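Side-chain atoms are counted along with the backbone in the values below, which use heavy atoms only and exclude waters and symmetry mates. Residues: numbered from 1 along the sequence shown. None of these values were measured; they are calculated from a predicted model. Order of appearance sets the numbers: ligands from 1, and atoms from 1 within every ligand.
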Amino acid sequence: MSTAHLTGRRALVTGGSRGIGAGIVRRLSADGAAVAFTYSASAANAEELVAELTADGAVVVAIRADAADPAESADAVDQAVAALGGLDIVVNNAAVAHIAPFDEFPPEEFDRLVAINIGGMYWTTRSAIKHLGEGARIINIGSINADRIPGPGLSVYGMTKGAVAAFTRGLARDLGPRGITVNNVQPGPIDTDANPNRGDFAESLKQVTAQGRYGHTSDVAALVSFVAGPESGYITGAHLNVDGGFTV
Ligand code: NDP
């Protein structure tokens, strides 16, 4: 695959200021795409990422938009289209986690997870669809927790990621006739602020993988880059694990 296989493509990544989203922004940009990304709180990280990539001549734009707010998600799509001159690739990455027993789960946390992890994906996709043409790509970042929950406290987060998987299936059917692919990339344990590679929780997750270790944001970004590219046209409605063997 050419290292510039996304040249001429225009991508929107939600939640691109940190972690896996920032890794995806870096990779798509390195592969030639013009990239817009959203963030909600980490303005300094977003500015640093834009400065880093634009210094190399890339087209990268940061947009502040809360994924929990349908109007802000729609506005972010409009801003991305205006800045990039169109849209070919949407990566629904922004999400949050909260671990707690299901019967003690704080109602405001429940609402936050549903609004960001499910609502953000839905409203971004719904707003973007009128801009997407034949050959476009929608890539949802789900979680291996849609398939396997290795311990207690993850039922609500897992429920939101199960919704990502189901939405991906339905949308792949809806958009197949238009030549738009829709896929669900499911990471296993990846070292980020949300899931740092240290401490008892991290050690317990490592034991669940076949490889006994965490992955890197670049591992997820490499798969996203392939799915975003021209050689993945017959892959749609798929659940693609990048998890070190978490479900083996
Ligand atoms: P991080 O918490 O490290 O980063 C989350 C990113 O999403 C940040 O850029 C953050 O920006 C953004 N974000 C959070 N809330 C909002 C919001 N309301 N509106 C807009 N942006 C928002 O998470 P990860 O990188 O670890 O996770 C990224 C994706 O990968 C998620 O979908 C997650 O569920 C999934 N995943 C991660 C795994 C892991 O082990 N790390 C495993 C399986 C799945 P800001 O700080 O500006 O709010």
Side-chain angles (χ1 to χ4, degrees), residues 12-27 36-50 62-77 79-80 91-99 108-109 111-121 123-124 139-150 154 156-165 167-168 184-199 201-202 204-206 208-209 213-221 223-224 239-244 246-247:
L12 171 64
V13 180
T14 66
S17 54
R18 297 181 290 112
I20 290 170
I24 293 169
V25 171
R26 279 199 178 86
R27 179 65 195 252
F37 70 88
T38 67
Y39 67 96
S40 62
S42 303
N45 297 66
E47 284 165 22
E48 276 171 34
L49 185 57
V50 170
I63 299 164
R64 206 211 69 77
D66 182 356
D69 185 320
E72 290 193 23
S73 292
D75 190 54
V77 169
Q79 288 189 54
V91 183
N92 289 305
N93 166 79
V96 291
H98 186 84
I99 299 175
E108 63 279 10
E109 284 297 329
D111 290 347
R112 193 172 74 103
L113 263 64
V114 170
I116 296 173
N117 302 9
I118 302 175
M121 170 182 65
W123 291 109
T124 299
I139 302 165
N140 299 322
I141 307 300
S143 168
I144 204 63
N145 290 144
D147 291 346
R148 184 174 187 192
I149 303 278
L154 283 162
V156 175
Y157 176 72
M159 177 176 69
T160 67
K161 293 303 189 175
V164 172
F167 184 61
T168 300
N184 174 26
V185 167
Q186 299 193 140
I190 303 294
D191 186 18
T192 66
D193 294 342
N195 190 4
N197 178 12
R198 60 181 180 278
F201 184 68
S204 71
L205 288 183
K206 286 177 198 174
V208 182
T209 69
R213 66 176 180 87
Y214 267 47
H216 307 289
T217 60
S218 57
D219 295 320
V220 182
L223 178 56
V224 169
H239 310 283
L240 304 166
N241 300 346
V242 49
D243 68 349
F246 200 84
T247 50

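A donor-acceptor contact under 3.5 angstrom links the side chains of Asn195 and Tyr214, judged on distance only. With hydrogens and angles left out, the side-chain atoms of Asn184 and Lys161 include no donor and acceptor closer than 3.5 Å. There is no side-chain donor-acceptor pair under 3.5 Å between Asp147 and Thr247.
Residue contacts with ligand 1 include Lys161, since one of its heavy atoms falls under 4.0 Å from the ligand. Under a 4.0 angstrom heavy-atom cut-off, Ile141 registers as being in contact with ligand 1.
To the nearest 0.5 Å, atom OG of residue Ser218 and atom CG of residue Leu223 are 12.0 Å apart. For the atom pair Asp75 CG and Thr38 OG1, the distance stands at 11.5 Å (nearest 0.5 Å).
Heavy-atom contacts of Ile116 reach the following atoms of ligand 1: 18 (N) (cutoff under 4.0 Å). With ligand atoms numbered from 1 in the order given, ligand 1 contributes 8 (C), 9 (O), 10 (C), 11 (O), 45 (P), 46 (O), 47 (O) to contacts under 4.0 Å with heavy atoms of Ser17. Near Ala65, with a cut-off below 4.0 Å to any heavy atom, the atoms of ligand 1 are 19 (N), 20 (C). With ligand atoms numbered from 1 in the order given, ligand 1 contributes 39 (C), 40 (O), 41 (N) to contacts under 4.0 Å with heavy atoms of Asn195. Atoms of ligand 1 found under 4.0 Å from any heavy atom of Asp66, numbered from 1 in the order shown, are 17 (C), 18 (N), 19 (N).
Of the candidates Tyr157, Phe37, Tyr214, Tyr39, the one placing a heavy atom closest to atom 36 (N) of ligand 1 is Tyr157.
Looking from atom 6 (C) of ligand 1 to the surrounding protein, the closest heavy atom is Gly15 O, 3.6 Å. Here the heavy atom of the protein found nearest to atom 22 (C) of ligand 1 is Ser40 OG, 3.7 Å. Counting only heavy atoms of the protein, atom 37 (C) of ligand 1 lies nearest to Ile20 CD1, 3.6 Å. Remark: minimum distance from atom 43 (C) of ligand 1 to any protein heavy atom is reached at Pro187 O, 3.2 Å. If you check which protein heavy atom lies closest to atom 44 (C) of ligand 1, you get Gly142 O, 3.3 Å. Looking at atom 26 (O) of ligand 1, its nearest protein heavy atom turns out to be Thr192 OG1, 2.6 Å. Of all protein heavy atoms, the one closest to atom 42 (C) of ligand 1 is Gly188 O, 3.1 Å. Nearest protein neighbour of atom 29 (C) of ligand 1, counting heavy atoms only, is Asn93 OD1, 3.2 Å.
Judged by distance alone, with hydrogens and angles left aside, the side-chain atoms of Thr14 form a donor-acceptor pair with the main-chain N or O of Asn93 at under 3.5 Å. Remark: side-chain polar atoms of Arg64 are paired, donor with acceptor, to backbone N or O of Ser40 under 3.5 angstrom. A donor-acceptor pair under 3.5 Å is formed between the side chain of Asp66 and the backbone N or O of Ala68.
An N or O contact shorter than 3.5 Å links Ala67 to ligand 1 by distance.
The two residues Ala65 and Ala76 come nearest to each other via the heavy atoms CB-CB, 3.7 Å.
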Derivation and outcome, side-chain contact (heavy atoms from CB on, under 4.5 Å), residues Arg26 and Leu49: CA-CA 8 Å; Arg26 279 199 178 86; Leu49 185 57; 3.7 Å; yes
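Within the 4.5 Å cutoff, the side chain of Val156 has no heavy atoms near those of the His98 side chain.
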